[in-house]
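Inspection log for the structure reproduced underneath, given as C-alpha coordinates.
No hydrogens, no waters, no symmetry mates; every other heavy atom, side chains included, goes into these values. Proteins come first, then strands; the chains are lettered A, B, ... in the order of their sequence lines, and each starts at number 1.
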Protein chains: 2
Amino acid sequence: MTALTEDRLDTAFLALADPTRRSLLARLSVGDATVGELAAPFAMSVQAVSKHLTVLEQAGLITRRREAQRRPCSLNREAIGPLVDWLDAFRRRTEEKFARLDEVLARDLSPTTPSPAHPDREE
Amino acid sequence: MTALTEDRLDTAFLALADPTRRSLLARLSVGDATVGELAAPFAMSVQAVSKHLTVLEQAGLITRRREAQRRPCSLNREAIGPLVDWLDAFRRRTEEKFARLDEVLARDLSPTTPSPAHPDREE
DNA sequence: CTCGTATTCAACCGATTGGTTGATCAAAGG
DNA sequence: CCTTTGATCAACCAATCGGTTGAATACGAG
(Lines give C-alpha, C1' and ligand atoms only; values in the text may rest on other atoms or scores of the structure.)
Protein backbone atom coordinates (compact mmCIF):
# COMPACT_ATOMS: atom_id res chain seq x y z
CA MET A 1 0.00 0.00 0.00
CA THR A 2 1.59 3.16 -1.29
CA ALA A 3 4.95 1.62 -0.45
CA LEU A 4 6.44 5.07 0.06
CA THR A 5 9.52 4.48 -2.01
CA GLU A 6 12.51 6.78 -1.88
CA ASP A 7 11.25 8.36 -5.05
CA ARG A 8 7.87 9.13 -3.56
CA LEU A 9 9.55 10.75 -0.59
CA ASP A 10 11.55 12.90 -2.98
CA THR A 11 8.56 14.22 -4.85
CA ALA A 12 6.33 14.52 -1.80
CA PHE A 13 8.81 16.50 0.29
CA LEU A 14 9.74 18.58 -2.71
CA ALA A 15 6.07 19.38 -3.24
CA LEU A 16 5.78 20.44 0.40
CA ALA A 17 8.88 22.62 0.18
CA ASP A 18 7.02 25.47 -1.48
CA PRO A 19 4.77 27.94 0.38
CA THR A 20 2.43 28.37 -2.56
CA ARG A 21 1.91 24.64 -2.76
CA ARG A 22 1.36 24.28 0.99
CA SER A 23 -1.16 27.08 0.73
CA LEU A 24 -2.95 25.27 -2.07
CA LEU A 25 -3.08 22.13 0.05
CA ALA A 26 -4.50 24.12 2.95
CA ARG A 27 -7.17 25.53 0.71
CA LEU A 28 -8.00 22.08 -0.60
CA SER A 29 -8.23 20.68 2.89
CA VAL A 30 -11.33 22.83 3.27
CA GLY A 31 -12.90 21.40 0.15
CA ASP A 32 -12.49 20.84 -3.58
CA ALA A 33 -11.81 23.80 -5.85
CA THR A 34 -11.22 24.56 -9.50
CA VAL A 35 -7.92 25.88 -10.81
CA GLY A 36 -9.38 29.35 -11.21
CA GLU A 37 -10.67 29.42 -7.65
CA LEU A 38 -7.34 28.18 -6.37
CA ALA A 39 -5.41 30.76 -8.38
CA ALA A 40 -7.55 33.75 -7.40
CA PRO A 41 -5.85 34.58 -4.06
CA PHE A 42 -2.37 34.51 -5.58
CA ALA A 43 -0.51 37.26 -7.35
CA MET A 44 0.50 34.95 -10.13
CA SER A 45 -0.90 33.61 -13.37
CA VAL A 46 -3.36 30.74 -13.55
CA GLN A 47 -0.75 28.85 -15.56
CA ALA A 48 1.74 29.06 -12.73
CA VAL A 49 -0.81 27.69 -10.28
CA SER A 50 -1.66 24.95 -12.74
CA LYS A 51 2.01 23.97 -12.77
CA HIS A 52 2.06 23.84 -8.98
CA LEU A 53 -1.01 21.62 -9.09
CA THR A 54 0.79 19.30 -11.48
CA VAL A 55 3.63 19.01 -8.98
CA LEU A 56 1.17 18.22 -6.20
CA GLU A 57 -0.61 15.70 -8.41
CA GLN A 58 2.59 13.90 -9.35
CA ALA A 59 3.49 13.78 -5.69
CA GLY A 60 0.19 11.99 -5.18
CA LEU A 61 -1.06 14.69 -2.83
CA ILE A 62 -4.04 15.74 -4.93
CA THR A 63 -6.14 14.44 -7.82
CA ARG A 64 -7.70 16.40 -10.66
CA ARG A 65 -10.85 15.27 -12.37
CA ARG A 66 -12.75 16.65 -15.33
CA GLU A 67 -16.12 18.36 -14.96
CA ALA A 68 -17.34 20.14 -18.08
CA GLN A 69 -14.62 22.66 -18.87
CA ARG A 70 -13.61 22.93 -15.21
CA ARG A 71 -10.89 20.91 -13.54
CA PRO A 72 -11.78 20.50 -9.87
CA CYS A 73 -8.96 19.41 -7.57
CA SER A 74 -9.34 17.42 -4.40
CA LEU A 75 -6.91 16.67 -1.62
CA ASN A 76 -5.60 13.13 -1.50
CA ARG A 77 -5.72 12.96 2.25
CA GLU A 78 -4.55 9.35 2.50
CA ALA A 79 -1.21 10.45 1.04
CA ILE A 80 -0.31 12.55 4.08
CA GLY A 81 -0.32 9.72 6.59
CA PRO A 82 2.68 7.83 5.21
CA LEU A 83 4.72 11.01 5.27
CA VAL A 84 3.92 11.66 8.90
CA ASP A 85 4.71 8.04 9.62
CA TRP A 86 8.07 8.25 7.88
CA LEU A 87 9.12 11.41 9.68
CA ASP A 88 7.81 10.15 12.98
CA ALA A 89 9.60 6.83 12.58
CA PHE A 90 12.78 8.72 11.87
CA ARG A 91 12.33 10.85 14.96
CA ARG A 92 11.60 7.83 17.11
CA ARG A 93 14.67 6.08 15.79
CA THR A 94 16.93 8.99 16.69
CA GLU A 95 15.37 9.28 20.12
CA GLU A 96 15.75 5.59 20.79
CA LYS A 97 19.35 5.91 19.79
CA PHE A 98 19.82 8.70 22.28
CA ALA A 99 18.02 6.81 24.99
CA ARG A 100 20.37 3.88 24.49
CA LEU A 101 23.33 6.21 24.45
CA ASP A 102 22.19 7.68 27.73
CA GLU A 103 22.14 4.24 29.24
CA VAL A 104 25.63 3.54 28.04
CA LEU A 105 26.90 6.86 29.32
CA ALA A 106 25.23 6.43 32.66
CA ARG A 107 26.71 3.00 33.08
CA ASP A 108 30.07 4.08 31.74
CA LEU A 109 30.59 7.28 33.65
CA SER A 110 29.57 6.05 37.06
CA PRO A 111 30.68 2.47 37.51
CA THR A 112 30.51 2.74 41.32
CA THR A 113 27.40 4.90 41.62
CA PRO A 114 24.00 3.24 41.52
CA SER A 115 23.50 5.58 38.59
CA PRO A 116 20.37 7.72 39.01
CA ALA A 117 19.98 7.17 35.28
CA HIS A 118 19.70 10.81 34.29
CA PRO A 119 23.07 12.50 33.69
CA ASP A 120 21.22 15.48 32.22
CA ARG A 121 19.76 15.98 28.83
CA GLU A 122 18.64 18.44 26.27
CA GLU A 123 20.08 21.88 26.52
CA MET B 1 10.44 27.85 20.27
CA THR B 2 11.88 27.39 16.82
CA ALA B 3 8.70 29.07 15.67
CA LEU B 4 8.69 26.97 12.51
CA THR B 5 8.06 29.83 10.15
CA GLU B 6 7.02 29.30 6.56
CA ASP B 7 10.61 29.86 5.59
CA ARG B 8 11.85 27.16 7.91
CA LEU B 9 9.33 24.75 6.44
CA ASP B 10 10.63 25.60 2.98
CA THR B 11 14.23 24.83 3.79
CA ALA B 12 13.48 21.83 5.98
CA PHE B 13 11.23 20.07 3.49
CA LEU B 14 13.58 20.94 0.67
CA ALA B 15 16.44 19.42 2.66
CA LEU B 16 14.41 16.24 3.14
CA ALA B 17 13.50 16.05 -0.54
CA ASP B 18 16.85 14.56 -1.51
CA PRO B 19 17.77 10.90 -1.00
CA THR B 20 21.45 11.66 -0.39
CA ARG B 21 20.52 14.09 2.35
CA ARG B 22 18.06 11.71 3.96
CA SER B 23 20.79 9.09 3.88
CA LEU B 24 23.18 11.48 5.59
CA LEU B 25 20.60 12.14 8.28
CA ALA B 26 20.12 8.41 8.77
CA ARG B 27 23.84 7.96 9.17
CA LEU B 28 24.01 10.81 11.66
CA SER B 29 21.14 9.36 13.66
CA VAL B 30 23.52 6.56 14.56
CA GLY B 31 26.16 9.00 15.78
CA ASP B 32 28.34 11.95 14.87
CA ALA B 33 30.63 11.72 11.88
CA THR B 34 33.14 13.81 9.97
CA VAL B 35 32.60 14.98 6.42
CA GLY B 36 35.03 12.40 5.11
CA GLU B 37 33.31 9.57 6.94
CA LEU B 38 29.96 10.74 5.70
CA ALA B 39 31.17 11.03 2.13
CA ALA B 40 32.87 7.63 1.99
CA PRO B 41 29.81 5.51 1.12
CA PHE B 42 28.75 7.81 -1.72
CA ALA B 43 29.92 7.77 -5.30
CA MET B 44 30.39 11.51 -5.29
CA SER B 45 33.04 14.00 -4.30
CA VAL B 46 33.59 15.13 -0.73
CA GLN B 47 32.76 18.64 -1.87
CA ALA B 48 29.32 17.58 -3.04
CA VAL B 49 28.61 15.96 0.32
CA SER B 50 29.86 19.10 2.05
CA LYS B 51 27.31 21.09 0.06
CA HIS B 52 24.55 18.74 1.12
CA LEU B 53 25.65 19.16 4.71
CA THR B 54 25.42 22.92 4.30
CA VAL B 55 21.84 22.52 3.13
CA LEU B 56 21.04 20.34 6.13
CA GLU B 57 22.74 22.80 8.45
CA GLN B 58 20.85 25.79 7.10
CA ALA B 59 17.65 23.81 7.48
CA GLY B 60 18.59 23.47 11.15
CA LEU B 61 18.67 19.69 10.89
CA ILE B 62 22.34 19.28 11.78
CA THR B 63 25.17 21.27 13.36
CA ARG B 64 28.82 21.27 12.45
CA ARG B 65 31.49 21.98 15.01
CA ARG B 66 35.22 22.32 14.66
CA GLU B 67 37.63 19.75 16.03
CA ALA B 68 41.24 20.20 14.89
CA GLN B 69 41.06 20.04 11.12
CA ARG B 70 38.02 17.82 11.24
CA ARG B 71 34.43 19.01 11.05
CA PRO B 72 32.22 16.54 12.92
CA CYS B 73 28.52 16.81 12.23
CA SER B 74 25.77 15.90 14.63
CA LEU B 75 22.07 15.45 14.12
CA ASN B 76 19.90 18.21 15.52
CA ARG B 77 17.23 15.84 16.68
CA GLU B 78 15.04 18.52 18.27
CA ALA B 79 14.48 19.92 14.78
CA ILE B 80 12.57 16.86 13.61
CA GLY B 81 9.73 17.12 16.10
CA PRO B 82 8.23 20.39 14.83
CA LEU B 83 8.14 18.98 11.31
CA VAL B 84 6.27 15.89 12.41
CA ASP B 85 3.95 18.14 14.38
CA TRP B 86 3.27 20.37 11.39
CA LEU B 87 2.53 17.48 9.06
CA ASP B 88 0.48 15.69 11.68
CA ALA B 89 -1.52 18.82 12.45
CA PHE B 90 -2.21 19.19 8.76
CA ARG B 91 -3.35 15.61 8.51
CA ARG B 92 -5.56 15.94 11.56
CA ARG B 93 -7.12 19.11 10.15
CA THR B 94 -8.04 17.41 6.90
CA GLU B 95 -9.44 14.44 8.73
CA GLU B 96 -11.53 16.62 11.02
CA LYS B 97 -12.86 18.35 7.96
CA PHE B 98 -13.85 15.04 6.50
CA ALA B 99 -15.38 13.90 9.75
CA ARG B 100 -17.53 17.02 9.80
CA LEU B 101 -18.41 16.49 6.14
CA ASP B 102 -19.45 12.95 6.95
CA GLU B 103 -21.78 14.27 9.60
CA VAL B 104 -23.31 16.68 7.15
CA LEU B 105 -23.74 13.98 4.58
CA ALA B 106 -25.25 11.63 7.10
CA ARG B 107 -27.71 14.28 8.21
CA ASP B 108 -28.42 15.32 4.65
CA LEU B 109 -29.03 11.91 3.23
CA SER B 110 -31.39 10.82 5.98
CA PRO B 111 -33.82 13.73 6.56
CA THR B 112 -35.96 11.60 8.87
CA THR B 113 -33.12 11.29 11.40
CA PRO B 114 -33.31 13.66 14.40
CA SER B 115 -30.16 15.45 13.22
CA PRO B 116 -28.00 16.04 16.37
CA ALA B 117 -27.94 19.82 15.94
CA HIS B 118 -24.64 20.82 14.42
CA PRO B 119 -25.08 24.28 12.85
CA ASP B 120 -21.65 24.01 11.08
CA ARG B 121 -18.53 25.83 12.02
CA GLU B 122 -15.64 28.04 10.89
CA GLU B 123 -14.64 28.89 7.30
C1' DC C 1 59.36 25.14 7.56
C1' DT C 2 57.28 21.60 4.86
C1' DC C 3 54.18 17.98 4.01
C1' DG C 4 49.86 15.50 4.37
C1' DT C 5 45.13 15.45 5.76
C1' DA C 6 40.44 17.35 6.23
C1' DT C 7 37.56 20.62 4.61
C1' DT C 8 35.79 24.57 2.37
C1' DC C 9 35.74 28.11 -1.36
C1' DA C 10 35.21 29.39 -6.20
C1' DA C 11 34.10 28.83 -10.78
C1' DC C 12 31.82 26.31 -13.93
C1' DC C 13 28.20 23.15 -16.11
C1' DG C 14 23.81 20.92 -17.40
C1' DA C 15 19.21 20.07 -15.63
C1' DT C 16 15.38 21.64 -13.14
C1' DT C 17 12.38 25.22 -10.97
C1' DG C 18 9.17 28.90 -10.77
C1' DG C 19 7.58 32.25 -13.17
C1' DT C 20 6.08 34.79 -17.61
C1' DT C 21 3.36 35.35 -22.17
C1' DG C 22 0.90 33.67 -26.27
C1' DA C 23 -1.44 30.01 -28.55
C1' DT C 24 -4.42 26.09 -28.26
C1' DC C 25 -8.10 22.99 -26.74
C1' DA C 26 -12.68 21.86 -24.72
C1' DA C 27 -17.14 22.83 -23.41
C1' DA C 28 -21.21 25.93 -22.76
C1' DG C 29 -24.13 29.81 -24.35
C1' DG C 30 -25.57 33.06 -27.25
C1' DC D 1 -21.95 29.34 -36.40
C1' DC D 2 -19.09 32.45 -33.19
C1' DT D 3 -17.79 33.95 -28.61
C1' DT D 4 -16.72 33.33 -23.89
C1' DT D 5 -14.90 30.77 -20.15
C1' DG D 6 -11.70 27.45 -17.96
C1' DA D 7 -7.69 25.27 -18.30
C1' DT D 8 -3.56 23.36 -20.51
C1' DC D 9 0.40 23.43 -23.82
C1' DA D 10 4.62 25.54 -25.54
C1' DA D 11 8.36 28.47 -25.62
C1' DC D 12 11.11 31.28 -23.16
C1' DC D 13 13.75 33.35 -19.11
C1' DA D 14 16.36 34.01 -14.82
C1' DA D 15 17.54 31.63 -10.72
C1' DT D 16 18.59 27.61 -8.26
C1' DC D 17 20.24 22.72 -7.78
C1' DG D 18 23.33 18.94 -7.78
C1' DG D 19 27.29 17.79 -9.36
C1' DT D 20 32.24 18.53 -11.13
C1' DT D 21 37.30 20.19 -10.79
C1' DG D 22 40.95 23.07 -8.98
C1' DA D 23 42.69 26.22 -5.62
C1' DA D 24 42.77 27.92 -0.87
C1' DT D 25 42.57 27.27 4.11
C1' DA D 26 43.44 25.17 8.66
C1' DC D 27 45.62 22.13 11.40
C1' DG D 28 48.86 18.28 13.11
C1' DA D 29 53.08 15.74 12.37
C1' DG D 30 57.82 15.32 10.86
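Shown here for A79(A) and G60(A), the closest heavy-atom pair between the two residues is CB-O, 3.3 Å.
Contacts of L14(A) with the nucleic acid, taken as non-hydrogen atoms under 4.0 Å apart, involve only primed sugar atoms and P, OP1 or OP2. Within 4.0 Å of T54(B), counting heavy atoms only, lies no atom of the nucleic acid at all.
Spacing between atom CG of D10(A) and atom C1' of dG18(D) amounts to 13 Å, rounded to whole angstrom units. Following rounding to the nearest Å, E67(A) (CD) and dA27(C) (C1') show an atom-to-atom distance of 13 Å. If you measure from atom CD of E57(A) to atom P of dT8(D), you get 9 Å, rounded to the nearest angstrom. For the pair I62(A) CD1 and dA7(D) P, the computed distance is 12 Å after rounding to whole Å. Rounded to an integer number of Å, the gap from F42(B) CZ to dG18(D) P is 13 Å. Rounded to an integer number of Å, the gap from R66(A) CZ to dA26(C) P is 8 Å. Atoms CG (L16(A)) and P (dG18(C)) sit 12 Å apart, rounded to a whole Å. When rounded to the nearest whole Å, the span between CG of L53(B) and P of dT7(C) equals 10 Å.
For V84(A), the side chain to side chain contact (heavy atoms under 4.5 Å, CB included) partners at least two apart in sequence or on another chain are I80(A), V84(B), L87(B), D88(B), R91(B).
Listed pair R71(B) / dT8(C) meets the phosphate criterion, a side-chain N or O lying under 4.0 Å from OP1 or OP2. In terms of phosphate contacts, S50(A) brings no side-chain nitrogen or oxygen within less than 4.0 Å of OP1 or OP2 of dA7(D). Taking 4.0 angstrom as the limit, R64(B) places a side-chain polar atom (N or O) nearer than this to OP1 or OP2 of dT8(C).
Here salt bridge (Lys or Arg N to Asp or Glu O under 4.0 Å) pairs that include residues 31-57 of chain B, with residues two or more places apart or in two chains, are D32(B)-R65(B), E57(B)-R64(B).
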What string of B, S and - do you get for nucleotides 19-24 of chain D 5' to 3' if you count protein non-hydrogen atoms under 4.0 Å?
BBBB--

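In this structure, L83(A) and L4(A) have side chains that are in contact, with non-hydrogen atoms separated by less than 4.5 Å.
Rounding to the nearest 0.5 Å gives a distance of 9.5 Å between CD of E67(A) and OG1 of T34(A).
Tracing side-chain contacts under 4.5 Å through hydrophobic residues (I, L, V, M, F, W, Y), one reaches V46(B) starting from I62(B); they form part of the same cluster. Cluster membership for F42(A) and L25(A), using ILVMFWY side-chain heavy atoms within less than 4.5 angstrom, is shared.
Two residues, Q69(B) and E37(A), neighbour DNA chain D, and the one matched to the more 5' nucleotide by heavy-atom proximity is E37(A).
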